[in-house]
2 protein chains.
Amino acid sequence: MTKLTVLVTDDDQAIRDGIEIYLKNEGYNVLKAADGEEALAMLQQHEVHLIILDIMMPKMDGITATFKIREERNIPIIMLSAKAEDSDKIHGLSVGADDYVTKPFYPLELLARVKSQLRRYVQLGNYEKEDKITIDGLQLDEAGKEVIVDDVPVQLTPIEYKITELLMRNAGRVFSTREIYERVWNEEAYNAENIVAVHIRKIREKIEADPKHPRYLKVVWGIGYKIEK
Amino acid sequence: MTKLTVLVTDDDQAIRDGIEIYLKNEGYNVLKAADGEEALAMLQQHEVHLIILDIMMPKMDGITATFKIREERNIPIIMLSAKAEDSDKIHGLSVGADDYVTKPFYPLELLARVKSQLRRYVQLGNYEKEDKITIDGLQLDEAGKEVIVDDVPVQLTPIEYKITELLMRNAGRVFSTREIYERVWNEEAYNAENIVAVHIRKIREKIEADPKHPRYLKVVWGIGYKIEK
DNA sequence: CTTTTTCTTAAGGAATTCTTCATAATTGCA
DNA sequence: TGCAATTATGAAGAATTCCTTAAGAAAAAG
């Protein structure tokens, strides 16, 4: 599962930067734009999973931008607006925004809404992950929750599958045992080295012809494990 | 598979248009109607695969419309209602709706429900389905609602048939007990593990030569069941 | 209304997987 | 080479998941 990216659009740099800090803290990638035009340009160039859009901006305001975005995509949009603005007009929900926060806002509230929208978006499958990944003779079959080694289906346990999935979806990248533990178990890693090592070994037993000299699941000494791209 | 068509029925044009944008982005055809009568007329003239129906509408309200539609057809219906409305009346599920969303709603949530219902309808329901599927020595006979194992017809009960159908129409894909329950029973899964397991066993008794070592209906440990492609 | 079939529920047992711990092997570096 | 750090392995008990049985409830058929 790769990092999710949020595009923050506001003409006030202080606000952009403030929001950025909170989002980065939660592990999101953050892109920034100062107006609607910039935001649209960003969308062309980067993979974005959620947009925060201020309504009042120079060049292109948030509502216009929402229309433009909605012509092409269903990505979640959260609108920001000053309290004073007319509540009918600003009810951006009707123009295609998915949620709506009035300024001034509590950063944690915005954060909660970002999370909520992303959860929906990701669960909905709008944010699609490949369901077939092939690396050399190794194939990940997402639908069947199995791995195919040289055309032979291999059953993995849930944990084994998740680890393999993580390494294959990010092939070439090295993951420390700590990282693997946190992403697969979804909890703080404490003394996780050994348990991850045990599972790695089990996976190797199943997918490697010669576990002593692994062809796919390799160790990077002192750092972690990876599957070569 | 050809494009699926959704009929959006609401007396508020802004809502109709808002929903339309999301659905079109997702690749659906969209038809619109302002009240129940219009909706029924639309149904006569066009092929529709799912209906979104507001409850409060002039001329003919959503509940009446649901009754009329259900007299003839089994297509999925999603009801919209204002939060304030009386929870007994609005519990449209009892009058034949398949799902139910309160206003104001998050567009992405509605979209998720539309997708979920359509998936059910298309994959398991009455829409464009093959009426003969063969997997190895296993044959699904839609007309006779039975399964043929090595040329020997086998009678399944309704639930058994539906489970088998789901797994065969999506051969190779793993379904959790929860998913199986929700798709077959068409309701929220609560403590569904056991009941699904019992049915699985019954099916195995009927279609497997050696239920202890199933050839078709396999378990994927910690995840669910599948029938291999 | 009675009989038969199907569905649901509960509970114990069986099988598989996960974790832990002890120990061995390997690597990088002084 | 020898040492320290890191990774690999084996085996056992704990934990989880699945299977099976059986009996009563519900639904369908007669």
Side-chain angles (χ1 to χ4, degrees), chain A residues 145-147 154-165 167 174-227, chain B residues 145-147 154-167 174-208 210-227:
Chain A
K145 298 286 180 194
E146 66 185 7
V147 161
V154 171
Q155 306 281 352
L156 299 181
T157 71
I159 287 182
E160 287 162 17
Y161 182 82
K162 281 188 192 164
I163 294 176
T164 310
E165 184 184 6
L167 295 179
V174 185
F175 288 87
S176 69
T177 51
R178 165 173 233 96
E179 249 179 310
I180 292 175
Y181 188 89
E182 286 178 352
R183 297 187 65 160
V184 169
W185 276 256
N186 238 335
E187 58 188 49
E188 196 80 15
Y190 173 72
N191 254 8
E193 276 77 37
N194 197 224
I195 191 166
V196 170
V198 172
H199 286 288
I200 292 286
R201 175 178 157 274
K202 289 281 192 183
I203 295 171
R204 281 180 175 155
E205 271 178 7
K206 292 183 179 177
I207 72 171
E208 298 285 0
D210 178 7
K212 289 271 182 187
H213 305 95
R215 176 177 157 202
Y216 302 113
L217 212 175
K218 295 186 173 158
V219 63
V220 178
W221 199 268
I223 303 183
Y225 300 93
K226 72 170 173 183
I227 289 180
Chain B
K145 298 287 179 195
E146 65 184 9
V147 161
V154 171
Q155 302 288 345
L156 299 181
T157 70
I159 287 182
E160 287 162 17
Y161 181 81
K162 279 189 189 170
I163 294 175
T164 311
E165 184 184 9
L166 176 67
L167 295 179
V174 185
F175 289 86
S176 68
T177 51
R178 165 173 231 97
E179 268 177 298
I180 291 174
Y181 189 88
E182 288 182 349
R183 297 248 187 136
V184 170
W185 276 257
N186 205 20
E187 60 188 49
E188 194 82 15
Y190 175 71
N191 255 9
E193 277 78 38
N194 199 221
I195 190 168
V196 171
V198 172
H199 286 289
I200 291 287
R201 177 175 161 280
K202 290 280 191 184
I203 295 171
R204 280 180 175 155
E205 271 178 7
K206 292 182 179 177
I207 72 171
E208 299 284 359
D210 177 6
K212 289 269 183 190
H213 306 96
R215 176 177 156 202
Y216 302 114
L217 211 174
K218 294 187 174 158
V219 64
V220 178
W221 246 91
I223 303 182
Y225 299 92
K226 72 173 169 183
I227 290 180

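Just the heavy atoms: all of them, side chains too, but no hydrogens, waters or symmetry mates, feed the values below. So you know, we letter chains A, B, ... as the sequences are listed, proteins then strands, and number each from 1.
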Using a 4.0 Å heavy-atom cut-off across all strands, classify A/P158 as base, sugar-phosphate, or nothing.
sugar-phosphate

For a quick check of understanding: with a heavy-atom distance under 4.0 Å over all strands, which category does B/N191 fall into, base, sugar-phosphate or nothing?
nothing

The residue among A/V174, A/L217, A/I203 that forms side chain to side chain contact (heavy atoms under 4.5 Å, CB included) with A/L167 is A/L217

Between the OG1 atom in B/T164 and the NE2 atom in B/H199, the distance rounded to the nearest 0.5 Å is 11.0 Å

Rounded at 0.5 Å granularity, tell me how far OG1 in B/T157 sits from NZ in B/K162.
10.5 Å

Quickly work out the [X] [atom1] to [N] [atom2] distance and round it to whole Å.
X	N	atom1	atom2	value
B/K212	D/dC18	NZ	P	16 Å
A/E193	C/dT20	CD	P	13 Å
B/E208	D/dC19	CD	C1'	14 Å
A/R178	D/dT6	CZ	C1'	16 Å
B/I203	D/dT20	CD1	C1'	16 Å
B/E187	C/dC7	CD	C1'	13 Å
B/L156	C/dT6	CG	P	10 Å

Minimum-distance nucleotide (side-chain atoms of [X] versus [options]):
X	options	answer
B/N194	D/dA8, D/dT20, C/dC18	D/dT20
B/V219	D/dC19, C/dT9, D/dT17	D/dC19
A/W221	C/dT27, D/dT20, C/dT6	C/dT27
A/T157	C/dT8, C/dC18, D/dT9	C/dC18
A/I159	D/dA8, C/dT9, C/dC18	C/dC18
B/Y225	C/dT19, D/dC18, D/dC19	D/dC19
B/R204	C/dT6, C/dT8, D/dC19	D/dC19
A/I195	C/dT20, C/dT8, D/dA8	C/dT20

Look at B/H199 and C/dT8 and indicate whether a side-chain polar atom (N or O) is within less than 4.0 Å of OP1 or OP2.
yes

Report yes if at least one side-chain N or O of B/W185 is closer than 4.0 Å to OP1 or OP2 of C/dT8; otherwise report no.
yes

Closest non-hydrogen atom pair, B/I195 against B/W185
CD1-CZ2, 4.3 Å

Of the non-hydrogen atoms in A/P211 and A/E205, which two are nearest, and what is the gap between them?
CG-CA, 4.2 Å

On DNA chain D, compare the nucleotides closest to A/I223 and A/E205; which residue's is nearer the 5' end?
A/I223

Closest to the 5' end of DNA chain C, once A/V198 and B/K202 are matched to their nearest nucleotides, is B/K202

Scan side-chain atoms only and decide if A/Y181 and A/E187 contain a donor-acceptor pair under the 3.5 Å cut-off.
yes

